Chemist: 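Sharing a structure, written as C-alpha cells. Questions coming.
The model shown is predicted, which means the values in this text are computed figures rather than measured ones.
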Amino acid sequence: MLLNTDLVIAGANTAYLELVNAKREQIIGRPMFEAFDSGPSDEAPENVRQVRDSILHAIKTGQRDHLAIVRFSIPFEDPTGAVIYEDRFWSATHTPIRDETGKVALVLQHTTDITEIESLRHQVGAVTGETSTALDARSAAASSPAPSRFSRATASWRSNGES
C-alpha cells in the first residue's frame, strides 16, 4: 500500500487488497486510519498508535521503519451482512519514497500476515509454560547464523580503526 505524507492511501496492489479484504475504490483517497481503524477492541487505539508512529518515523527520518509484530483487526462481513472484526497479527515495514527533490513524498507499507505464526507461538507457550519473550529469545538464537568469514573480517577491519 502507498500512503502520502498526510497518511492518505494513494495506492494498493491486488495482493494487499485481498489480504485486508478491501476493494480499491473503498480505500484510495481515504485517510489510512479511517479506512482501517483496527476495530472496537480496547487495544485498538494502541495498535493504531504503533502503526502511525512507525509511518511518521519513516517520513520524519527518511529511513525505513519496521514493526516486527503488531495486532491490527480487519473488518469482514458475516453471512447476515453485519461487520465483524477479525484479530490479525502483522509484520509491517514502512519505506519512504522520495520525490525528485529528495523530499519524502510517499511511504510504501509492506505487510505480512503473521497471524498463524503468532497463534502457533502462543500454543507452544501454553504447552511449555514459556512466555512470548522467552520464545522470542530462543527463536532469535536458533535463527541467528554463525558469523561468516566476511562478517568476521569486516569486524576485524573496523576494529583496526579503518572505515
Chemist: So for atom NE2, which belongs to His110, do other residues, nucleotides or ligands contribute more than 12 heavy atoms lying within a distance under 6.0 Å?
Modeler: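 Counting neighbours around NE2 of His110, 12 or fewer heavy atoms of other residues, nucleotides or ligands fall under 6.0 Å, so no.
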Chemist: So, Arg52 side chain and Leu56 main chain: donor-acceptor pair closer than 3.5 Å or not?
Modeler: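 No, because the side chain of Arg52 does not come within donor-acceptor range (under 3.5 Å) of the backbone of Leu56.
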Chemist: Going hydrophobic residue to hydrophobic residue with side-chain gaps under 4.5 angstrom, can you get from Met1 over to Ile28?
Modeler: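 Same cluster: Met1 reaches Ile28 through Ile, Leu, Val, Met, Phe, Trp or Tyr contacts under 4.5 Å.
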Chemist: Identify every side-chain donor-acceptor pair in residues 3-13 under 3.5 Å, counting partners at least two apart or on other chains, and give the distances.
Modeler:
residue: Asn4; atom: OD1; partner: Asp6; partner atom: N; Å: 2.8
residue: Asn4; atom: OD1; partner: Leu7; partner atom: N; Å: 3.2
residue: Asn4; atom: OD1; partner: Val8; partner atom: N; Å: 3.0
residue: Asn13; atom: OD1; partner: Ala15; partner atom: N; Å: 3.3
residue: Asn13; atom: OD1; partner: Tyr16; partner atom: N; Å: 2.8

Chemist: Start with the C-alpha distance between Glu77 and Asn21, add both sets of side-chain angles, then the distance that settles side-chain contact (heavy atoms from CB on, under 4.5 Å), and finish with yes or no.
Modeler: CA-CA 10 Å; Glu77 284 189 13; Asn21 191 42; over 6 Å; no
Chemist: Of the non-hydrogen atoms in Arg88 and Leu19, which two are nearest, and what is the gap between them?
Modeler: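 Of all heavy-atom pairs spanning Arg88 and Leu19, the closest is NH1-O, 3.2 Å.
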Chemist: Taking only residues two or more places apart in sequence, or in another chain, which ones meet Glu46 in a side chain to side chain contact (heavy atoms under 4.5 Å, CB included)?
Modeler: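 Glu46 satisfies side chain to side chain contact (heavy atoms under 4.5 Å, CB included) with Arg49, Gln50 once adjacent residues are dropped.
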Chemist: Of the non-hydrogen atoms in His66 and Ala92, which two are nearest, and what is the gap between them?
Modeler: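 Closest pair (atom of His66, atom of Ala92, distance): ND1-O, 3.2 Å.
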Chemist: Show your reasoning for whether side-chain contact (heavy atoms from CB on, under 4.5 Å) applies to Gln109 and Val51.
Modeler: CA-CA 10 Å; Gln109 180 189 65; Val51 174; 4.0 Å; yes
Chemist: If you round to the nearest 0.5 Å, how far is OG1 of Thr95 from CD of Gln63?
Modeler: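 Taking CD in Gln63 and OG1 in Thr95, the distance rounds to 10.5 Å.
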Chemist: Give, for atom OG of Ser91 and atom CD1 of Ile69, the distance between the pair rounded to the nearest 0.5 Å.
Modeler: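 Reported value, rounded in 0.5 Å steps: 8.5 Å.
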Chemist: Indicate, with yes or no, if Val20 and Ile114 share a hydrophobic cluster defined by side-chain heavy-atom contacts under 4.5 Å among Ile, Leu, Val, Met, Phe, Trp and Tyr.
Modeler: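 In one cluster: no.
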Chemist: For residues 96-106, run the donor-acceptor check on the side chains, cut-off 3.5 Å, and write out each pair with its distance to 0.1 Å, sequence neighbours left out.
Modeler:
residue: Arg98; atom: NH1; partner: Gly102; partner atom: O; Å: 2.8
residue: Arg98; atom: NH2; partner: Gly62; partner atom: O; Å: 3.2
residue: Asp99; atom: OD1; partner: Thr101; partner atom: N; Å: 2.9
residue: Asp99; atom: OD1; partner: Thr101; partner atom: OG1; Å: 2.6
residue: Asp99; atom: OD1; partner: Gly102; partner atom: N; Å: 3.1
residue: Asp99; atom: OD1; partner: Lys103; partner atom: N; Å: 3.0
residue: Asp99; atom: OD2; partner: Thr101; partner atom: OG1; Å: 3.4

Chemist: For the hydrophobic clusters of this structure (ILVMFWY residues joined by side-chain heavy atoms under 4.5 Å, transitively), does one cluster hold both Ile27 and Phe76?
Modeler: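 Both belong to a single hydrophobic cluster.
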Chemist: Give a yes or no on whether Glu116 atom CD has more than 12 heavy-atom contacts from other residues, nucleotides or ligands under 6.0 Å away.
Modeler: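 Counting other residues, nucleotides and ligands, CD of Glu116 stays at 12 neighbours or fewer.
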Chemist: Roughly how far, to the nearest 0.5 Å, is the CG atom of Asp37 from the OG atom of Ser73?
Modeler: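 So the OG of Ser73 and the CG of Asp37 are separated by 9.0 Å.
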Chemist: List the atom of Pro75, the atom of Val83, and the distance in Å for their closest heavy-atom pair.
Modeler: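 Here Pro75 and Val83 meet closest at CB-CG1, 3.8 Å.
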Chemist: Quick one, Tyr85 and Ser41 - any side-chain contact, counting heavy atoms below 4.5 Å?
Modeler: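 With C-beta onward as the side chain, the pair stays apart.
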Chemist: Using every non-hydrogen atom in the two residues, find where Phe72 and Trp90 come nearest and quote the distance to one decimal.
Modeler: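 In terms of heavy atoms, the two residues are closest at O-NE1, 2.9 Å.
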Chemist: Between Asp113 and Phe89, which heavy-atom pair has the shortest distance, and what is it?
Modeler: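 So the two residues come closest at OD1-O, 3.3 Å.
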Chemist: Taking all non-hydrogen atoms of both residues, which atom of Leu17 and which atom of Lys23 are closest, and how far apart?
Modeler: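 Closest heavy-atom pair between Leu17 and Lys23: CD2-C, 4.1 Å.
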Chemist: So if you build clusters from Ile, Leu, Val, Met, Phe, Trp, Tyr with side-chain heavy-atom gaps below 4.5 Å, do Leu108 and Val70 land together?
Modeler: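 No; tracing contacts between hydrophobic side chains, which count when under 4.5 Å, never links both residues.
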Chemist: Would you kindly confirm whether Ile84 and Ile74 end up in one hydrophobic cluster when ILVMFWY residues are joined by side chain heavy atoms under 4.5 Å apart?
Modeler: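 Same cluster: Ile84 reaches Ile74 through Ile, Leu, Val, Met, Phe, Trp or Tyr contacts under 4.5 Å.
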Chemist: Do you know which of Ile59, Ile55, Thr61 makes side chain to side chain contact (heavy atoms under 4.5 Å, CB included) with His57?
Modeler: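 For His57, the side chain to side chain contact (heavy atoms under 4.5 Å, CB included) check succeeds only for Thr61.
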